[in-house]
Amino acid sequence: MRVTMIGAGYVGLVSGACLADFGHHVTCIDRDARRIAALKRGVIPIFEPGLSELVGNNVRQGRLEFDVELRAVAEAEAIFIAVGTPSRRGDGHADLTFVYEAVREIAPLLAPGTVVITKSTVPVGTGDEIERILREHRPSLAVQVVSNPEFLREGAAIRDFKHPDRIVVGTEDVQARAVLAEIYRPLYLNAAPILYVGRRTAELIKYASNAFLATKITFINEMADLCERVGADVQEVARGMGLDNRIGAKFLHAGPGFGGSCFPKDATALLKTAHDHGAQLRIVETVTAVNEQRKRAMARKVAAALEGSVRGTTIAVLGLTFKPNTDDTRDSPAVPLITALTDMGARVRCYDPAGMEQAKLQLPNVTYCDSAYSAAEDADAVVIATEWEQFRALDLKQLRRIMAQPVIVDLRNIYRSEEMRRAKFRYVGVGSAEMAAGKRGRDLRTRRPPIVHDRLESIDRSVEPVT
Ligand SMILES: NC(=O)c1ccc[n+]([C@@H]2O[C@H](COP(=O)([O-])OP(=O)(O)OC[C@H]3O[C@@H](n4cnc5c(N)ncnc54)[C@H](O)[C@@H]3O)[C@@H](O)[C@H]2O)c1
């Protein structure tokens, strides 16, 4: 099938390359001429494991092309819209400018019978508006507008696209359903369930899913705060909860708060939709408020580890992206953390394996280093903000030697406190009295009953998906 993808960002490029790999002929179109020129030279503009090989193979096989022009639209049987839908400045509604511009641009070129498919995350009713715009430009054109939200996660995007838990297709039209079934046929053969629903329902499934996952993260983060006060260990609480099949272990890792290009903006946009329709989503409201407060609270945690103040100190922050294996720093918790640390008078040196170029635009006044160790040089504390694989096995002896003070604040709980104690570090993690800084933590530790390690201990959290 001839498929056109409008937008060659994280979602458009991964989806386009995967659809080409399924055997379709795909043209990815992006208005960013530099991005397209890079792709034509074989340079992948985003960091996503496996993407370079996938794109290269499919370009060589003649199934994947890139263009700034819209000429492929006229020949396409299916056109995906995968442009950005950021938060609108000022009010938090999803900004649909890019979506509607793309629709107006393709409208004059569409062939009769084409299916226009929204892959971007868009609020309920956007499909209706796209249909209205198309009718306005081409009153007599037969075209179907379908919602097909994308659930891939950056860092595991190809696997997620090729092995989805479900494919959601929002349209009542039988022919459009047949086109989507043909596009996803290889996945259907792999028994990935296709859920055919109404268009508005499909649009809402995406927001409801993201808001629910954000709620799960926020729930365990609040449990972590309680654990620190009562002498419990949030990692064991999460394991104990997660083994219940009704709950599940994923998205139960306490940390610095959820971030990234989707959860914060989608939760806020969902709230705006609810308000517009006179419905209250009090849980989602609370989740966004709690998460917002948590980001700066992490800076206070760092200060607590340094006897209450970071003024005049040097802090090394390891990790700037919102999670490992991406270069995306959009709404990363590391950004408000660093801003708060500098507001509080600290000098920040940081390192990230992939996210430093993006971070420089958001955080111009910090020092960017070329390794974790160079960031830690003369630092009064190292803060682990993102659980990149390479931060999981730092050479603690070397760190101790080069740091001004042996203090580690591990906001992702990737180390064990015993290991850090043995290496003579003051170690502060998230969600354990043992890890909580200060006297309160020490007092609680003495009252804590011994932990019986059973088979739960063998569950390795490093292999669980990250948020
Ligand atoms: N990033 C994720 O992990 C993820 C996951 C699921 C869903 N989504 C959703 O997918 C959508 C896209 O997200 P993304 O992260 O890929 O965005 P992105 O910013 O990485 O990419 C969007 C691309 O669209 C291009 N573009 C904008 N207007 C255009 C136009 N009129 N014609 C051609 N190109 C145009 C931009 O130049 C940009 O390259 C968003 O709605 C997002 O919420 C993202």
Side-chain angles (χ1 to χ4, degrees), residues 4-18 27-39 44-49 51 66-73 79-88 93-109 116-123 126-127 130 133 147-161 164-165 167-168 202-203 205-207 209-211 213-214 258-270 321-332 358 465-467:
T4 296
M5 188 69 61
I6 309 290
Y10 283 89
V11 166
L13 187 55
V14 171
S15 306
C18 288
T27 307
C28 289
I29 297 174
D30 202 293
R31 55 160 56 158
D32 181 342
R34 287 217 324 247
R35 176 169 289 243
I36 292 298
L39 284 164
I44 306 296
I46 56 173
F47 180 94
E48 183 62 46
L51 187 57
F66 302 102
D67 209 342
V68 270
E69 308 287 342
L70 290 163
R71 49 193 151 219
V73 168
I79 297 177
F80 283 89
I81 296 176
V83 300
T85 51
S87 256
R88 193 161 68 190
H93 278 273
D95 185 344
L96 297 172
T97 312
F98 296 126
V99 173
Y100 295 147
E101 276 174 10
V103 173
R104 287 192 190 91
E105 284 161 12
I106 62 170
L109 306 166
V116 175
I117 305 155
T118 317
K119 209 163 232 335
S120 299
T121 303
V122 294
T126 305
I130 293 176
I133 296 171
S147 165
N148 171 222
E150 183 50 56
F151 298 95
L152 62 76
R153 295 160 303 167
E154 290 174 23
I158 295 169
R159 197 188 58 208
D160 283 355
F161 193 92
D165 292 335
I167 300 154
V168 173
E203 289 167 340
I205 286 173
K206 172 66 189 176
Y207 280 99
S209 303
N210 274 3
L213 294 173
F258 62 79
S261 63
C262 292
F263 284 5
K265 80 166 173 71
D266 291 350
T268 309
L270 177 62
T321 52
F322 76 98
K323 65 176 179 182
N325 292 327
T326 179
D327 55 356
D328 202 342
T329 58
R330 285 179 284 185
D331 260 315
S332 169
Q358 270 198 32
V466 287
T467 58

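Atoms within each ligand, like the ligands themselves, are counted from 1 in listed order. We number each residue from 1, following the sequence as shown.
Residues meeting the side-chain hydrogen bond (donor to acceptor under 3.5 Å, both in side chains) test with Asp331, sequence neighbours left out: none. In terms of the side-chain contact (heavy atoms from CB on, under 4.5 Å) criterion, residue partners of Leu213 (sequence neighbours excluded) are, by chain and number, Phe251, Phe263. Scanning for side-chain hydrogen bond (donor to acceptor under 3.5 Å, both in side chains) contacts around Asp160 gives Arg153, with sequence neighbours left out.
Remark: side-chain polar atoms of Lys265 are paired, donor with acceptor, to backbone N or O of Thr85 under 3.5 angstrom.
Proximity of Ile46 to Thr326: side-chain heavy atoms (C-beta onward) are nowhere separated by under 4.5 Å.
Contact residues for ligand 1 (protein heavy atom closer than 4.0 angstrom to any ligand atom): Ile6, Gly7, Gly9, Tyr10, Val11, Ile29, Asp30, Arg31, Asp32, Arg35, Ala82, Val83, Gly84, Thr85, Phe98, Ala102, Glu105, Ser120, Thr121, Glu150, Leu152, Glu154, Lys206, Ser261, Cys262, Lys265, Arg330.
In Phe98, the CZ atom is not crowded: 12 or fewer heavy atoms of neighbouring residues, nucleotides or ligands sit closer than 6.0 Å.
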